[in-house]
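In the text below, chain A, chain B and the rest are named by the order of the sequence lines, each starting its count at 1. Below, all heavy atoms of this structure are taken into account, side chains as well, without hydrogens, waters or symmetry copies.
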There are 2 protein chains.
Amino acid sequence: MSIKGLGADVLSRDFPEIRELPLFREIEEAHFEALMRGAYLQTFPPQVELIREGDPSDFLHIVVEGMVEMFAAWNGRETVMETVSPVAAFIVAATVRDAPYLMSARTVLRSRIVLIPSQDVRNVFAADPAFARAVVTELAERYRGVVKHTKELKLRNSLERLANYLLRLQTLTGGAEEFDLPIEKRRLAAYLGMTPENLSRGLRSLEAHGVTNDGARIVIGSAEALRKLARPTPLIDDTSL
Amino acid sequence: MSIKGLGADVLSRDFPEIRELPLFREIEEAHFEALMRGAYLQTFPPQVELIREGDPSDFLHIVVEGMVEMFAAWNGRETVMETVSPVAAFIVAATVRDAPYLMSARTVLRSRIVLIPSQDVRNVFAADPAFARAVVTELAERYRGVVKHTKELKLRNSLERLANYLLRLQTLTGGAEEFDLPIEKRRLAAYLGMTPENLSRGLRSLEAHGVTNDGARIVIGSAEALRKLARPTPLIDDTSL
DNA sequence: CGCTATGTTGATCCATATCAATAAGTGTGG
DNA sequence: CCACACTTATTGATATGGATCAACATAGCG
């Protein structure tokens, strides 16, 4: 199930997207190779817990295939913080700060993950200004993503969150009238800060605004009507899901 | 009310804390001076809106005296995202990304703010690896702060949020049994994601757990009892408010 | 095909918001 | 220094968004 210690050549031949990630694109070849030398590539089945909140950050993770869900728990409750799709790195902040993970991560689908020892990342980070700048860009974008998520939670009710989520999803799928939810509804519910029951009812309510739903399928009859309810703003709804 | 274009010498003589900020401590003297040459120092009365969400990020801001509140609005609703106390920089992410502000900021108290043109910050950021690394550290910490805030909002009910807030505040004030709320209750309520009425009732409910409140004054009769209700965890409650 | 997890729908409950009235500060100008 | 205006905080009554509980339907999957 796992292949250990792949060289930079192997990883970049199989996954040139890694070298092309904004995080790595500008760094020196020698540094990139140093990172990849210690890296693992592993394939995981669905529902595997990759990291657990509170653990020390041993590896920077990069999803190259599949899907990963970041979640957090407290006092018996659990919520979804975000889902990460290829090709993207996660837990960059914990890695560079050498701090414990604040969120857990589990595979949602069968996934291929590159694991880079955190110490290597911190070494290259200290030695390669281009990498340091790339980490800043990445982190700043992540920061802004969480801020948007928080704004949404605090300023919108559940129906508004759902409506805006669908509009963002539509934009991501190129503006198509029909598309599929990328994750299970119960996970979507947790992400949106509501219960599965309420998500069901929410989708029902949106019928009055031209939205149809069957299984994962969503049809937006009138983006105009939906937008009237959702009132999207770039300061919350641009880019990230 | 404002003094323009202070040199590095003036600013660092009057506010050595700026040079000592983690953000600037390690950068080259020449670069620090370049930043300070274009910097403004301004004094603002309370309730002045310093930046407005959506505006382009013209300046990196540093509170050297007073208190600033970051807030966000949507569709007629408004919420407090965080409060910033001296000496700390805010809106670093927007500045380095050259992206619009996601949050607005207003002074809560009469405040002295250093404004550094964003372009200067981005220039030094590109030229000074030590600064770039410092920005990463700063951003990673901010990121983790918002993640904690979001976890708290999604996983705790309002009474639990309040109880944990009081415990964090107690820790910040050195563990004293008595201390004052640092911000108005209505702002605290918005920060905690509740209404002022509910905050009042919440403080009342906490009497059953040994907490007394009169005006801004909080007395924690038994941290033990409060902790039993609050169930704090470092993964949410360490460090930031 | 049947088992198990996921999703739906309805009934009810509860945490929190909203509305309304009062009290207590806080600041201002005479 | 007081009186007035105005904001903030408290308290009670009520409304409601969303959670919970329960029953059933449906869809994956071995």
[X] atom [atom1]: more than 12 heavy-atom contacts under 6.0 Å:
| X | atom1 | result |
| --- | --- | --- |
| B/R231 | CZ | no |
| A/R110 | CZ | no |
| A/R217 | CZ | yes |

Should A/R106 and A/E49 count as an ion pair when the cut-off is N to O under 4.0 Å?
->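 Looking at A/R106 and A/E49, the cut-off is not met.
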So, are B/E197 and B/R201 salt-bridged, with charged N and O less than 4.0 Å apart?
-> no
Under 4.0 Å between any heavy atoms, over every strand shown, what does [X] touch: base, sugar-phosphate, or nothing? Just pick one.
| X | answer |
| --- | --- |
| B/S158 | sugar-phosphate |
| A/D214 | nothing |
| B/G193 | sugar-phosphate |

For [X] and [N], give me the distance from atom [atom1] to atom [atom2], rounded to whole Å.
| X | N | atom1 | atom2 | value |
| --- | --- | --- | --- | --- |
| A/L192 | D/dG18 | CG | P | 12 Å |
| B/R217 | D/dA9 | CZ | C1' | 19 Å |
| B/I218 | D/dA9 | CD1 | P | 12 Å |
| B/N157 | D/dT20 | CG | P | 11 Å |
| B/Q47 | D/dC6 | CD | C1' | 14 Å |
| A/R77 | D/dT20 | CZ | C1' | 13 Å |
| B/L181 | D/dA9 | CG | C1' | 12 Å |
| A/E184 | D/dT26 | CD | C1' | 14 Å |

5'-most contact on DNA chain D: B/N198 or A/E197, nearest heavy atom basis?
->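 Closer to the 5' end of DNA chain D: B/N198.
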Taking for each residue the nucleotide of DNA chain D bearing the nearest heavy atom, is the 5' side occupied by A/M194 or by B/L203?
-> B/L203
D/dA9 OP1/OP2 closer than 4.0 Å to side-chain N/O of B/S200 |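 Answer no for this pair, as no side-chain N or O of B/S200 is under 4.0 Å from OP1 or OP2.
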Range on DNA chain C touched by chain A, heavy atoms, distance below 4.0 Å |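 Reading along DNA chain C, I get C/dT6 to C/dA11.
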Can the positive tip of A/K151 be found less than 6.0 Å from the middle of the six-membered ring of B/F71, inside 45° of the ring normal?
-> no
Okay, side chain of A/R161, backbone of A/L192: is any donor-acceptor separation there less than 3.5 Å?
-> yes
Given D/dA19, D/dT20, D/dT11, which nucleotide is nearest the side-chain atoms of A/R201?
-> D/dT20
